[in-house]
Each structure stands twice: as structure tokens, then as C-alpha cells.
Enquirer: 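A single structure is presented below for examination.
The chains referred to below are lettered A, B, ... by the order of the sequence lines, with proteins before strands, and numbering in each begins at 1.
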2 protein chains.
Amino acid sequence: MVAALVRSAFLVNAVYAESSREHGITPQQGQLLCVLMPGPCGMGELGTMLRLAKSSLTGLVDRTERNGLVRRTPDPQDTRAVRVALTPRGSRLAAEFYEAACARIDELPAGLSATEREVLAGLLGRVVRDNKVPPVFAEPDEGAAGGRGH
Amino acid sequence: MVAALVRSAFLVNAVYAESSREHGITPQQGQLLCVLMPGPCGMGELGTMLRLAKSSLTGLVDRTERNGLVRRTPDPQDTRAVRVALTPRGSRLAAEFYEAACARIDELPAGLSATEREVLAGLLGRVVRDNKVPPVFAEPDEGAAGGRGH
DNA sequence: GTTCGATAGTTCGCAGCACGAATTTCCGGG
DNA sequence: CCCGGAAATTCGTGCTGCGAACTATCGAAC
């Protein structure tokens with residue numbers, strides 16, 4: 001059980017890293033883009049989501065901003081705070097990266113039947129939920145089992 | 001499905017990192033120790049296992065050697081090659097770290113019944129096997145001590 | 001309206017990580 | 001003997017993650 005979890009994590013990481021590389025970003029930057037896809041976010045919130053210290057996050061956002069994928073905006077409610085949002089280019093890249101990563105990861109359980117996949121997804125989903133994992137990666141449209149909409 | 005895999009990987013990584021930190025090593029060094037637990041290994045082999053470039057591995061082994069956890073030995077068969085082995089201290093730390101990580105990770109599916117765990121382990125094990133993930137983390141031996149959760 | 005503790009982010013220095021290109025040394029076959 | 005290839009290392013670069021110290025603001029209490 002433990003070994004299966006660790007190894008599958010290793011596997012997913014490798015695939016995730018490969019997808020990132022193909023899109024010219026680091027895995028961390030890819031993760032940042034994915035977290036921002038639903039909408040802008042404050043630094044503090046991002047730190048909680050990604051489990052990063054504040055200073056780590058400043059650097060990550062700096063670099064991603066330098067790449068033109070993300071933008072800092074002042075928060076109208078709070079002068080101290082900052083909202084981090086995707087730029088148009090970042091948004092485009094995020095969508096492409098996300099789709100590519102999904103495609104690759106979706107291939108991993110290729111040896112399982114549809115039913116087995118359902119079961120695996122259900123169990124893993126419960127583990128994830130029980131452990132309150134933040135939504136670091138969005139659910140691709142639920143409902144359609146294999147069909148792809150935008 | 002995809003989201004569940006990515007998030008569970010994120011979760012396992014976080015737990016793995018936390019365990020490493022508590023033992024005064026980095027996750028990468030922890031992984032190196034775990035790979036070496038069954039026995040010594042050449043650099044090339046390690047690179048394949050950990051999916052690292054040769055130069056990355058040299059650095060990782062350097063740092064871990066500096067910490068006194070690992071040792072380079074000349075390969076008797078091939079003057080060019082090197083065997084990397086755990087030092088006694090590294091062996092001890094590896095065992096401790098491994099056990100702690102197992103305990104933590106074993107807690108993650110606490111919300112599942114014994115049967116569900118079996119099913120999850122089986123399915124995940126197949127995915128791992130189908131994708132030829134190297135044994136970056138050993139199967140805890142069924143004989144091993146009584147950390148059977150609850 | 002000043003004071004003061006908390007909050008949001010940044011800066012800085014540090015060690016580690018991962019890579020590619022170039023290099024050294026050695027193995028093996030022709 | 002010679003050369004192609006394999007095993008490692010070195011070097012330079014950029015990214016990662018952290019803690020401690022800092023700035024600036026918020027909000028509440030006085």
C-alpha cells in the first residue's frame with residue numbers, strides 16, 4: 001500500500017515534470033498556473049494552497065511574472081495585499097499545459113478497465129478529500145467518462 | 001481521475017518532505033537512502049532509478065556523502081565505475097526514515113476500510129507496475145514490525 | 001488620534017537541486 | 001595500437017525552498 005502510493009507519486013511527478021518541460025516552464029510554475037486557472041488569488045492564499053513559505057512564493061511569482069505568465073495587481077480592499085492573476089499569455093499556456101498534463105496522466109492507468117478506473121478514482125478521491133488536499137489541480141469536467149469538452 | 005492522481009501525488013510528496021525534514025535530510029537524499037537500502041548501486045543505475053541526469057546525481061551523492069550517510073567505493077570489475085553504498089550511519093538513518101515515512105503515509109488512507117485499502121493498493125500497484133516505475137521505495141515486508149495502523 | 005499587535009509581502013543570504021556541455025579516464029573490439 | 005563508447009566528474013546557470021529581518025498597512029483598543 002505505502003509503496004504503491006509513493007511510487008505512483010513518483011510516477012505522476014515525472015510525468016508532470018515532463019509536461020512542464022515541454023511547455024518551457026518548471027513544474028512549480030506549472031502548478032502555479034494551474035492553481036490560478038479558476039481565478040486570481042492572494043499571496044497568502046497561494047502559500048496555503050501550495051504549502052510554500054511566503055518567501056518561497058515571492059520568488060516563484062517573481063520568476064513567473066518575469067516570464068510574462070502572471071501579473072501582480074494591487075488589492076482594492078487592502079493596500080498591503082496583492083492579487084496574482086494570469087496574463088492572457090499565461091492563461092493560454094495554462095490551458096495548454098493543463099490539457100497536455102491531463103492527457104499524459106490519463107494514460108497512466110491504461111491497463112485498467114473502465115470499471116477499475118472508476119473504483120481507483122473514487123478511492124483516491126476519498127483519500128485526497130479526507131486529507132484536505134487543496135485543489136492544486138482542477139477536476140477536468142466531471143461527468144463525461146472519456147469525452148472531452150472545453 | 002487525473003485530479004485524484006495529481007492531488008494524491010501532491011499529498012504524498014508533502015508527507016515525504018515532512019518526514020525527511022524531521023530526520024535532517026532533504027527529500028532527495030531520503031529517496032537516495034531508500035533506493036540504497038537493498039544494497040549498493042552504481043551511479044548509472046541510480047540515475048536510471050531516480051530519473052536523474054548523471055551530473056545531478058554526482059551532486060546529490062556528493063552532498064549525501066558529505067553528510068556521512070553514503071560512501072563511494074571503486075568497482076572491482078570496472079575502474080571507471082563507482083559503487084555507492086550506505087555507511088552504517090546512513091543505514092541506520094535510512095531505516096528510521098523509511099519506517100517513519102511508512103507510518104505517516106499509512107495514515108493517509110485512514111478513512112478507508114481494510115477491504116478498500118486492499119483494492120486501492122492492488123489497483124495502484126498495477127498502475128505502477130504497468131508503467132515500470134523503478135523501486136524507488138521498497139515494499140514494507142509483511143514480516144516487518146507492528147505498525148499496522150489500527 | 002495615537003498606539004500597538006497582527007497581517008501581507010518583500011528582501012536577503014544560504015544550501016540544495018537539476019540540467020547540459022565539456023572533460024577525463026577507462027573498457028572493449030577491430 | 002587505436003578508436004568509439006561508456007562511467008563519472010567538473011563547471012556554470014537558473015530554479016527552489018527556507019528562515020530571519022524588514023516595511024507597510026490594517027484594525028481595534030484606548
Enquirer: Should B:Arg71 and B:Glu65 count as an ion pair when the cut-off is N to O under 4.0 Å?
Expert: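 Between B:Glu65 and B:Arg71 there is no salt bridge, as every charged N stays at least 4.0 Å from the carboxylate O atoms.
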Enquirer: Rounded to the Å, how far apart are B:Asp62 CG and C:dA18 P?
Expert: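 In whole Å, C:dA18 P and B:Asp62 CG are 14 Å from each other.
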Enquirer: Going by heavy atoms in the side chains, are B:Leu52 and B:Leu46 under 4.5 Å from each other?
Expert: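 The answer is no; the side chains never approach within 4.5 Å.
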Enquirer: Using a cut-off of less than 4.0 Å, is there contact between a side-chain N or O of B:Thr79 and OP1 or OP2 of C:dC27?
Expert: yes
Enquirer: Between the base of C:dT25 and the side chain of B:Arg80, is there a donor and acceptor pair under 3.5 angstrom?
Expert: no
Enquirer: Any donor-acceptor pair, under 3.5 Å, between the side chain of B:Ser55 and the base of C:dG20, if you only look at N and O atoms?
Expert: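 Result: at least one qualifying N/O pair found.
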Enquirer: Expressed in angstrom and rounded to an integer, what is the separation of B:Ile25 atom CD1 from D:dC18 atom P?
Expert: 16 Å
Enquirer: Just to be sure I understand the rule, does A:Arg21 reach a base, reach only the sugar-phosphate, or reach nothing, if contact means heavy atoms closer than 4.0 Å?
Expert: sugar-phosphate
Enquirer: Ring centres of A:Tyr16 and B:Phe10 under 6.0 Å apart?
Expert: no
Enquirer: Does a nitrogen or oxygen in the side chain of B:Arg51 sit under 4.0 Å from OP1 or OP2 of C:dC19?
Expert: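 Negative; the distance criterion is not met.
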Enquirer: Would you indicate what B:Thr58 reaches in the nucleic acid, counting non-hydrogen atoms under 4.0 angstrom: base, sugar-phosphate, or nothing?
Expert: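 Base, at least one base heavy atom under 4.0 Å.
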Enquirer: Taking only side-chain nitrogens and oxygens of A:Gln28, does any of them come within less than 4.0 Å of OP1 or OP2 of D:dG17?
Expert: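 The answer is yes; a side-chain N or O of A:Gln28 sits under 4.0 Å from OP1 or OP2.
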Enquirer: Using heavy atoms to find the nearest nucleotide of DNA chain D for B:Gly42 and A:Pro27 separately, return the residue whose nucleotide is more 5′.
Expert: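 Its nucleotide being nearer the 5' end, the pick is B:Gly42.
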Enquirer: By the 4.0 Å heavy-atom rule, please label A:Gly44 as base, sugar-phosphate, or nothing.
Expert: sugar-phosphate
Enquirer: Starting at the 5' end of DNA chain C, which residue's closest nucleotide do you reach first, B:Lys54 or B:Thr64?
Expert: B:Thr64
Enquirer: Send over the distance from A:Asp75 CG to C:dT10 P, rounded to a whole Å.
Expert: 13 Å
Enquirer: For the pair B:Arg104 and B:Glu22, find out whether any cationic side-chain nitrogen is under 4.0 Å from an anionic carboxylate oxygen.
Expert: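 Answer for the salt bridge query: yes.
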Enquirer: What is the distance from CD of B:Glu45 to C1' of D:dA6, rounded to the nearest Å?
Expert: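 Those two atoms, CD and C1', are 15 Å apart.
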Enquirer: Looking at the side chain of A:Gln29, which of C:dG9, D:dT16, C:dC17 is the nearest nucleotide?
Expert: D:dT16
Enquirer: Do the side chains of A:Arg117 and A:Asp106 get close enough for a salt bridge, i.e. N-O under 4.0 angstrom?
Expert: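 Yes, A:Arg117 and A:Asp106 are salt-bridged.
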Enquirer: Determine the contact category for B:Leu60: base if any of its heavy atoms lies under 4.0 Å from a base atom, sugar-phosphate if only primed atoms, P, OP1 or OP2 are that close, otherwise nothing.
Expert: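 Answer is sugar-phosphate: B:Leu60 comes under 4.0 Å of backbone atoms only.
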Enquirer: Heavy atoms only, 4.0 Å cut-off, all strands: where does B:Leu52 land among base, sugar-phosphate and nothing?
Expert: sugar-phosphate
Enquirer: Given atom CE of B:Met43 and atom P of C:dC26, what is their separation to the nearest angstrom?
Expert: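 These atoms are roughly 17 Å apart.
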Enquirer: CG of A:Leu50 versus C1' of D:dC18: gap in Å, rounded?
Expert: 15 Å
Enquirer: Tell me what A:Asp78 touches on the nucleic acid: a base, only sugar-phosphate, or nothing, going by heavy atoms under 4.0 Å.
Expert: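 Sugar-phosphate, backbone atoms only, no base.
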Enquirer: Please check if the side chain of A:Tyr98 supplies one atom and the backbone of A:Ala138 the other of a donor-acceptor pair under 3.5 Å.
Expert: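 Indeed, once roles are kept as given, a pair shorter than 3.5 Å links the two residues.
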Enquirer: Could you check how far CG of B:Leu32 sits from P of C:dC17, rounded to whole Å?
Expert: 10 Å
Enquirer: Give B:Arg72 one of three labels, base, sugar-phosphate or nothing, depending on what nucleic acid heavy atoms sit under 4.0 Å from its own.
Expert: sugar-phosphate
Enquirer: Given atom CG of A:Leu57 and atom C1' of D:dG17, what is their separation to the nearest angstrom?
Expert: 11 Å
Enquirer: Please check the phosphate of D:dC26 (OP1 and OP2 only) for any side-chain N or O of A:Gln77 closer than 4.0 Å.
Expert: no
